[in-house]
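Below is one structure; the comments refer to it alone.
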Amino acid sequence: MQYKSDFLVIGTGVAGLSFALKASKFGTVAIITKKKIMDSNTAFAQGGIASVSSTIDSFDLHIKDTLDAGDGLCNREVVEIVVKAGPERIKELIDLGVQFNMKGPSKDSLNFDLGREGGHSEKRIIHAEDMTGIEVERALVEHVKNNPNITIYENHIAIDLIICSTRMKRGSIITNYEDLCVGAYVLASETNIVKTFCAKITLLATGGAGKVYLYTSNPDIATGDGIAMAYRAGATVANLEFVQFHPTCLYHPDAKNFLISEAVRGEGGVLVNSSGEPFMAKYDPKKDLACRDVVARAIDTELKKRGDESVFLDISSKNSDFIKKRFPNIHENCLKFGIDMTKDPIPVVPAAHYMCGGVVTDIFGRTNIQRLYAVGETACTGLHGANRLASNSLLEALVYANTSAKQASEEINFFDNKAIQDIPDWDELGTTDSDEVIVVSHNWDEIRRLMWNYVGIVRSNKRLERAMRRIEIIQSEIKEYYWDFKVTADLIELRNIAMVAELIIKCAIHRKESRGLHFNLEYNSRDDSRWLKDTILRRPFVA
Ligand code: SIN
């Protein structure tokens, strides 16, 4: 079954939906999402969007904070572009109907109620209570659903990108092969039919890969699908060793992936140990508002030293009405687990939160494969370097969705339909239904546990090599299973988390220093003489 459109968008977070809305002015758009349209990492973003809007703040300060957090690896040009584009993108969201918190009735941008998060030297987080992602997603979904040029396919999971290799000739000599993306094979998970989506431009906006780890703030969908598909297709990926662990996820046996926003510390919340003693002053002069890598490592050290299962985040010194008004979602969710944050310290632990590396793109969101773009957490644009500054991610997604939609809409004028004709359908000849689903669930658990234990907040060469040996065995088992049996959504996700896990381990082994989010016990600090560069991976060419 073949579906043709001008643009194919894979993923329905802020990056995918913003791109789709803009691209729809220039052609037809098919959006595929593996669950429901609202199921995305964006919907889980609590804190907000970092953007300069007050008279005491400046682009220079936001740029400096981003560069400092990135620990030497940010691309300065990209940082400047993204930071300076912030106010315009925020205005556009307001025009789409997004309701941000204001200090009073005026909707003037100088009147935003600004939050503060770790690593920011000024208050600059524009937010919608503690549910910014849901509010942005709500407005975008409303517009996308009413757009006649956009078709949404829910419960459709991409298996692989479709790549044509065109020969570049000089005279009679083949000088090079140029890869061209012409769409993706997609499993409709409710019917188990594999469909062929053909498009002139394909955008990967599949979010992050938190599910590679046992403990994560991410929803179940975050299985690194875009990064894995792009790498298999021959795209360059980079900096996957820089996995950001959020310092404060709710620690409770019945709570799954619930984040306690950094904004709680921004409003005066203090981290304390099980004896009620604040401990961050021992680790950083900025105390509880140090960058995330520092806070996550400090918590890890405290837990290991004291043998405790969690630390605590205490904001009970603040007025209870203020807490309920500023953090209605966190307050309500904590109450469900018997914790009243207006009186009790909240038990918290770090968990995998954000992938700073990803598919390498240029400043227009283009990958090294022709007609393939990547935006949002899937991409590695150069903004985050070795550590992302809090609340810079929605900003990056908005800015790059805009520039790549512009670029793609110009490019599309030069493409005819030839490349998307005669694409063969998915071939499942010789495969049968699986008789051993246990292989999928066993490997799924093993990967997530080994990544947590060996490739977590604190790493060592020995742990990384052990992880590599394990993932190689798991990978060969998955490959065998993949070619013998019909694909299922679970198998597709397992194949992707295994791929991303392997890439994270490879990058982490390669980097022989400690920098930003990559902390290896064998190296005390960063080594600019050798490692002031990205870790680049590209699949070896197989003829
Ligand atoms: C948070 O609210 O702490 C998360 C914000 C972010 O990850 O940028």
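Nothing here was measured: the structure is a model prediction, and the numbers come from that model. In what follows, every heavy atom counts, from backbone to side chain, and hydrogens, waters and symmetry copies are set aside.
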| query | Do D179 and Q370 have a side chain donor and acceptor closer than 3.5 Å? | reply | no
| query | Rounded to the nearest 0.5 Å, how far does NE2 of H353 lie from CE of M355? | reply | 13.0 Å
| query | Can T488 and D490 be counted as having a side-chain donor-acceptor contact under 3.5 angstrom? | reply | no
| message | Can you see whether S5 engages T28 through a side-chain donor-acceptor pair at a distance of less than 3.5 angstrom? | response | no
| field | CD1-NZ distance between I32 and K195, expressed to the nearest 0.5 angstrom | value | 10.0 Å
| task | Please check if atom CD in E480 has more than 12 non-hydrogen atoms from other residues, nucleotides or ligands closer than 6.0 Å. | result | no
| query | Looking just at side-chain N and O atoms, do E377 and Y354 make a donor-acceptor pair shorter than 3.5 Å? | reply | no
| K506 with E502: basic N within carboxylate O range, under 4.0 Å | yes
| said: Any side-chain to backbone donor/acceptor pair from N218 onto A222? Under 3.5 Å, distance only. | reply: no
| Would N155 and S189 satisfy side-chain hydrogen bond (donor to acceptor under 3.5 Å, both in side chains), going step by step from the backbone distance to the final call? | CA-CA 6 Å; N155 299 308; S189 45; 4.7 Å; no
| query | Salt-bridged, K256 to D220, with N to O below 4.0 Å? | reply | yes
| query | More than 12 non-hydrogen atoms from neighbouring residues, nucleotides or ligands closer than 6.0 Å to CZ on R470, yes or no? | reply | no
| query | Is there a donor-acceptor contact under 3.5 Å from the side chain of T248 to the main chain of I260? | reply | yes
| field | Donor-acceptor pair between Y231 and N496 side chains, under 3.5 angstrom | value | no
| request: Determine whether L21 and L140 make a side-chain contact, defined as any pair of heavy atoms from C-beta on separated by less than 4.5 Å. | output: yes
| field | E465/R469 salt bridge by N-O under 4.0 Å criterion | value | no
| said: Using only atom types and a distance under 3.5 Å, with no angle test, would you say the side chain of T132 pairs donor to acceptor with the backbone of G47? | reply: yes
| query | So S18 and N402, side-chain hydrogen bond (donor to acceptor under 3.5 Å, both in side chains) or not? Walk me through it. | reply | CA-CA 7 Å; S18 310; N402 182 58; over 6 Å; no
| message | I'd like to check the side chain to side chain donor-acceptor pair (under 3.5 Å) partners of N387; sequence neighbours left out, ordered by chain and number. | response | Q244, D293
| V399 versus L383: any side-chain heavy-atom pair under 4.5 Å? | no
| Just wondering, do L259 and H246 contact through their side chains at under 4.5 Å, heavy atoms? | yes
| message | Could you tell me if T535 and E241 have a donor-acceptor pair between their side chains, going purely by distance under 3.5 Å? | response | yes
| field | Near-ring test H252/F258, centroid separation under 6.0 angstrom | value | no
| Are the charged groups of R449 and E446 less than 4.0 angstrom apart, N to O? | no
| Counting heavy atoms not belonging to K486, are there more than 12 under 6.0 Å from its NZ? | yes
| request: Locate the shortest heavy-atom distance separating A374 from V359; write the atom from each residue and the value. | output: CB-CB, 4.0 Å
| Non-hydrogen side-chain atoms of V186 and I159 separated by less than 4.5 Å | no
| Donor-acceptor pair, side chain of D534 and main chain of I536, under 3.5 angstrom | no
| Taking the six-membered ring of W531 as reference, does the NZ or CZ atom of K533 fall below 6.0 Å from its centre and within a 45° cone about the axis? | yes
| said: Just by distance, no angles: are the side chains of N257 and S217 close enough, under 3.5 Å, to form a donor-acceptor pair? | reply: no
| message | I'd like to know if the side chain of E396 pairs up with that of T381 as donor and acceptor (distance under 3.5 Å, no hydrogens or angles considered). | response | yes
| Expected output: side-chain E513 to main-chain D527 donor-acceptor under 3.5 Å | yes
| message | Quiz question: by atom type and distance under 3.5 Å, do the side chains of S393 and R388 form a donor-acceptor pair? | response | yes
| task | Before giving the answer on salt bridge (charged side-chain N to carboxylate O under 4.0 Å, His left out), spell out for D71 and R515 the whole-Å C-alpha distance, their side-chain angles and the decisive distance to 0.1 Å. | result | CA-CA 7 Å; D71 210 6; R515 179 190 296 271; 5.0 Å; no
| request: Run the salt-bridge test on E262 and R292 with the 4.0 Å N-O cut-off and return the result as yes or no. | output: yes
| Heavy-atom closest contact (I478 atom, A498 atom, distance) | CD1-CB, 3.5 Å
| Quick one: do the N520 and S514 side chains pair a donor with an acceptor below 3.5 Å? | no
| remark: Here the gap from D6 atom CG to I412 atom CD1, rounded to the nearest 0.5 Å, amounts to 4.0 Å
| Is a side-chain N or O of T378 found less than 3.5 angstrom from the main chain of T206, in a donor-acceptor match? | yes
| request: Examine distances only and state if a side-chain atom of R511 and a backbone atom of N239 form a donor-acceptor pair shorter than 3.5 Å. | output: no
| message | Side chains of V237 and V360, heavy atoms from C-beta outward: is any pair under 4.5 Å? | response | no
| said: A quick test of your reading: do over 12 heavy atoms of other residues, nucleotides or ligands sit less than 6.0 Å from NZ of K4? | reply: yes
| Basic-acidic side-chain contact under 4.0 Å: D160, R495 | yes
| Quick check: does any side chain N or O of N368 sit under 3.5 Å from a backbone N or O of T236, one acting as donor and the other as acceptor? | yes
| query | Under the salt bridge (charged side-chain N to carboxylate O under 4.0 Å, His left out) criterion, do R138 and E142 qualify, and how do the steps go? | reply | CA-CA 6 Å; R138 176 200 63 74; E142 205 175 289; 3.2 Å; yes
| field | Stepwise ring-ring contact (aromatic ring centres under 6.0 Å, His included) test for Y3 and Y153 | value | CA-CA 11 Å; Y3 296 77; Y153 298 85; 5.5 Å; yes
| request: Mark yes or no for whether T216, through its side chain, and A352, through its backbone, hold a donor-acceptor pair below 3.5 Å. | output: yes
| note | Minimal heavy-atom distance between A20 and I31, with the atoms involved, is CB-CD1, 3.6 Å
| field | C198 and V182, any side-chain heavy atoms less than 4.5 Å apart | value | no
| Between the side chains of E411 and Y373, is a donor N or O closer than 3.5 angstrom to an acceptor N or O? | yes
| said: Check this for me: Y215, atom OH, are more than 12 non-hydrogen atoms of other residues, nucleotides or ligands nearer than 6.0 Å? | reply: no
| Looking at T202, V375, V29, which hits side-chain contact (heavy atoms from CB on, under 4.5 Å) with V9? | V29
| said: I want to check something: taking the side chain as every heavy atom from C-beta on, are I37 and L17 in contact at a cut-off of under 4.5 Å? | reply: yes
| field | Short side-chain to backbone donor-acceptor contact, Y213 and V455, under 3.5 Å | value | yes
| When rounded to the nearest 0.5 angstrom, what is the spacing between CG in N41 and CD1 in I221? | 5.5 Å
| query | Between F337 and D254, is any pair of side-chain heavy atoms under 4.5 Å apart? | reply | yes
| query | Would you call K34 and D39 a salt bridge, taking side-chain N to carboxylate O under 4.0 Å as the test? | reply | no
| query | Can you tell me how far CG of D445 sits from CG of L450, rounded to the nearest 0.5 angstrom? | reply | 11.0 Å
| task | Enter the distance from E477:CD to L494:CG here, rounded to the nearest 0.5 Å. | result | 9.5 Å
| query | Looking at F197 versus Y185, is the centre-to-centre ring distance below 6.0 Å? | reply | no
